[in-house]
Amino acid sequence: MKLLEQWDALVVPGDLVYFLDRDSGTRLVANPELAAWSALDEREAGLLRALARRGRPDEPAGPPPADPMWAERTLAKLVLKWLVYLPGRRPEVRLAEPSLKIVYYAVTDGCNLRCPYCYASSEKCLPGEMTTAESLGLVDAIADMGARTLVLTGGEPMLRKDLFTVAGHARERGLSVNMITNGTMIRKPETARRIADLFSLVTVSIDGGTAELHERTRGEGTFARTAHGLSLLNDAGVVPVINHVVTPGNVDALDEVCRFVSGLKIRRVRLMHHSDLGRAAGDDYDFGWADYRKIQQFLWTDPRSDALLPDGPRAAKPCSITGNCGMGGNEIYINSLGDVYPCKLVTKQVHLAGNVRHKPLAELFRSPLLADMRGNSVVEGKNLEDCRRCYIRGACGGGCRGYHMAESGDIHRNGRHLCRMLRQSMVANWWQAVGTTGRRLAEAPDELMRPRLVGDDTVHPVHEDWKSAGRRMLPVLSSAGAGGCGTKTAPAPAP
């Protein structure tokens, strides 16, 4: 049967939104519940608008009297892009139980640096840290559960004398082994070569592209030591990732970071926004919207930014639905004492699932606390209720719960300013995915990021919910009457 013949029965999601580029006339249309998005020209958008407004007094009673062949092709595009559903074919999401993929193991709480924003508040090795034998047993438990990756972190993992022993055993058990380090203890070529032999990925932290910037937080002499460690890693064949925490104190010097890494072989520089976690809750930095916009402008307009990977959600393939951030499911965190938490950023006593010295890791993974964390998503459960009506919910997955908790004070509640950044980041990524240049995004960011409902052209009701004075968290949003918002959805087989 032709699609035009089913005009009255075709289904348009109630909170379908579009973003408009007035210069080109392009409409970027997104279906929030399925993380589906596509660029439409003015004529295609007009047909979608007419379909969404069928039966209204001010709209045509039937399909537009356009070229039937063109209209048929356009309807097919809308259906195939999951912006319109066939009669009786509204998709339904079934979130599979996640399997454990990544374990972060802080092999020690000791650290040779005292960064003021450290989320782990690392300082000295804790009494009773896991022994070598216990660490090897933990590796066995992780491998037996089918996890793919073990990330050794801290503190500074290289303070742990048996680090290479633990890493070597993990490799023997078939795990991909990564390490996060400040790089200052990579002092000799033989150390770098040993790292190259054992680790699949090495992440090194820097806080600026110059000694003056880096050492504001890392301490005197640390820049040269980290730079030397990076050089030794490159000589040994290691191509590391750089973690760079962006603060109000260094956001204007991203060009210096690019200049510094241009002399190295790296995979990317991961930009991480400063947040109020750990010691950062009491430092002098307050990363805000103005700082975020500076990052965006640099990424959009400066050719040197190619090596930078911005913080925030990615524009995955359309219909790649993200239910949540993965904590307590795809990943867990184990501290140096064997305590198990949903995530390396979520480590309050109330979030403790138990200790591997007292219960097997597999049993702790099945604990109600972790099961609740991974069982919540943007479409079900209580942890992400704030996300129910957001126009990027299916693509974003709610964002980092640790970052939200740092802003709102409650892991169940979203930080309003973080949501503002997540929305802007996701929509910008969608625009770039359909060919919009960074220069154009920089010219009209507010225009291009404004979501309007296809049904009536009004601005989506949650677009500016961050503006409420005196509140850092979003109000809980009811899904009632949202025209399909909050329903459990997942792409059905292609029609």
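Fair warning: this is a prediction, and the values are worked out from it, not measured in the lab. Both backbone and side-chain heavy atoms feed into the values below; hydrogens, waters and symmetry mates do not.
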Trainee: Could you tell me the separation between the OG atom of Ser231 and the NZ atom of Lys265, rounded to the nearest 0.5 Å?
Mentor: 11.0 Å
Trainee: With heavy-atom distances below 4.5 Å as the criterion, would you say the side chains of Cys115 and Arg218 are in contact?
Mentor: yes
Trainee: Do Leu213 and Asp207 have side chains that get closer than 4.5 Å, going by heavy atoms?
Mentor: no
Trainee: Side chain of Asp41, backbone of Gly25: donor and acceptor closer than 3.5 Å?
Mentor: no
Trainee: Under 4.0 Å between a Lys/Arg side-chain N and an Asp/Glu carboxylate O for Arg259 and Glu256?
Mentor: yes
Trainee: Answer yes or no: is there a donor N or O on one side and an acceptor on the other, between the side chain of His460 and the main chain of Asp15, under 3.5 Å?
Mentor: no
Trainee: Looking at Arg440 and Glu443, does any basic side-chain N land under 4.0 Å from a carboxylate oxygen?
Mentor: yes
Trainee: For Asn250 and Thr247, indicate whether the former's side chain and the latter's backbone hold a donor-acceptor pair under 3.5 Å.
Mentor: yes
Trainee: Strictly distance-based, threshold 3.5 Å: is any side-chain N or O of Glu447 a donor or acceptor partner for the main-chain N or O of Arg22?
Mentor: yes
Trainee: Roughly how far apart are Ile180 CD1 and Ser205 OG, rounded to 0.5 Å?
Mentor: 7.0 Å
Trainee: Where is the tightest heavy-atom contact between Pro91 and Trp82, given as atom of each residue plus distance?
Mentor: CG-CZ3, 4.0 Å
Trainee: Under the ring-ring contact (aromatic ring centres under 6.0 Å, His included) criterion, do His274 and Tyr285 qualify, and how do the steps go?
Mentor: CA-CA 8 Å; His274 176 277; Tyr285 296 123; 5.7 Å; yes
Trainee: Please answer whether the main-chain N or O of Ser425 pairs with a side-chain N or O of Asn429 as donor and acceptor at a distance below 3.5 Å.
Mentor: yes
Trainee: For the residue pair Asn182 and Glu156, confirm or rule out a side-chain donor-acceptor distance under 3.5 Å.
Mentor: yes
Trainee: Has Arg420 got its NZ or CZ under 6.0 Å from the middle of the six-membered ring of Tyr292, at an angle within 45 degrees of the ring axis?
Mentor: no
Trainee: Between the main-chain N or O of Asn31 and the side-chain N or O of Trp37, is there a donor-acceptor pair closer than 3.5 Å?
Mentor: no
Trainee: Only one of Val261, Val239, Leu309 clears side chain to side chain contact (heavy atoms under 4.5 Å, CB included) with Arg268; which?
Mentor: Leu309
Trainee: Checking Asn335 side chain against Asp339 main chain: does a donor-acceptor pair fall under 3.5 Å?
Mentor: yes
Trainee: Quick one: does Asp386's side chain get under 4.5 Å of Ser408's, heavy atoms only?
Mentor: no
Trainee: Supply the atom-to-atom distance Thr153 OG1 to Tyr105 OH, rounded to the nearest 0.5 angstrom.
Mentor: 11.5 Å
Trainee: Just wondering, do Leu16 and Leu453 contact through their side chains at under 4.5 Å, heavy atoms?
Mentor: no
Trainee: Using salt bridge (Lys or Arg N to Asp or Glu O under 4.0 Å) as the criterion, point out the one residue from Lys77, Lys81, Arg27 that pairs with Glu44.
Mentor: Lys77
Trainee: Please report the shortest heavy-atom distance between Arg393 and Pro32, naming the atom on each side.
Mentor: NH1-CB, 3.3 Å
Trainee: How about Leu352 and Val340: do any of their side-chain heavy atoms sit closer than 4.5 Å?
Mentor: no
Trainee: Of Asn376, Asp410, Asn414, which is the lone residue that meets side chain to side chain donor-acceptor pair (under 3.5 Å) with Arg401?
Mentor: Asn414
Trainee: Using the ring centroid of each side chain, check whether Phe287 and His273 are separated by less than 6.0 Å.
Mentor: yes
Trainee: At what distance, to the nearest 0.5 angstrom, does OG of Ser200 lie from CG of Leu150?
Mentor: 10.0 Å
Trainee: Does the Lys NZ or Arg CZ of Lys344 fall within the cation-pi geometry relative to Tyr333 - under 6.0 Å from the ring centre and within 45° of the axis?
Mentor: no
Trainee: How about Asp162 and Thr132: does a side-chain donor come under 3.5 Å of a side-chain acceptor?
Mentor: yes
Trainee: Before giving the answer on side chain to side chain donor-acceptor pair (under 3.5 Å), spell out for Tyr119 and Thr347 the whole-Å C-alpha distance, their side-chain angles and the decisive distance to 0.1 Å.
Mentor: CA-CA 10 Å; Tyr119 68 81; Thr347 57; over 6 Å; no
Trainee: Which atom pair, heavy atoms only, marks the closest approach of Asp276 to Ala406?
Mentor: O-CB, 3.6 Å
Trainee: Please confirm whether the backbone N or O of Gly221 pairs with a side-chain atom of Glu215, one donor and one acceptor, at under 3.5 Å?
Mentor: yes
Trainee: Is a donor from one side chain sitting under 3.5 angstrom from an acceptor on the other, for Arg160 and Ser135?
Mentor: yes
Trainee: Taking side chain as C-beta onward, heavy atoms only, is Val462 less than 4.5 Å from Tyr391?
Mentor: yes
Trainee: Hey, does Trp430 have a side-chain heavy atom less than 4.5 Å from the side chain of Thr436?
Mentor: no
Trainee: Any salt bridge linking Arg293 with Asp446? Criterion: basic side-chain nitrogen under 4.0 Å from a carboxylate oxygen.
Mentor: yes
Trainee: Is a side-chain donor or acceptor of Thr191 paired with a backbone partner of Arg187 at a separation under 3.5 angstrom?
Mentor: no
Trainee: Check this for me: Glu190, atom CD, are more than 12 non-hydrogen atoms of other residues, nucleotides or ligands nearer than 6.0 Å?
Mentor: yes
Trainee: For the pair Gln297 (side chain) and Lys294 (backbone), establish whether a donor and an acceptor sit closer than 3.5 Å, ignoring hydrogens and angles.
Mentor: no
Trainee: Can you see which heavy atom on Thr26 is nearest to which on Trp431, and at what distance?
Mentor: O-CH2, 3.8 Å
Trainee: Tell me the closest heavy-atom pair linking Asp302 and Ser305, and the distance in Å.
Mentor: O-OG, 2.8 Å
Trainee: Is Arg173 paired with Asp140 through a side-chain N to carboxylate O contact shorter than 4.0 Å?
Mentor: yes
Trainee: Taking all atoms of both residues into account, what is the closest heavy-atom pair of Leu364 and Ala353, and its distance?
Mentor: CD2-O, 3.5 Å
Trainee: If you draw a 6.0 Å radius around CZ in Arg148, do more than 12 non-hydrogen atoms from other residues or ligands fall strictly inside?
Mentor: no
Trainee: Are Phe223 and His214, when compared by the centres of their aromatic rings, separated by less than 6.0 Å?
Mentor: yes
Trainee: Would you compute the distance between atom CD1 of Ile321 and atom SG of Cys396 and round it to the nearest 0.5 angstrom?
Mentor: 13.5 Å
Trainee: As an exercise, state the distance from CG of Leu441 to OG1 of Thr301, rounded to the nearest 0.5 Å.
Mentor: 11.0 Å
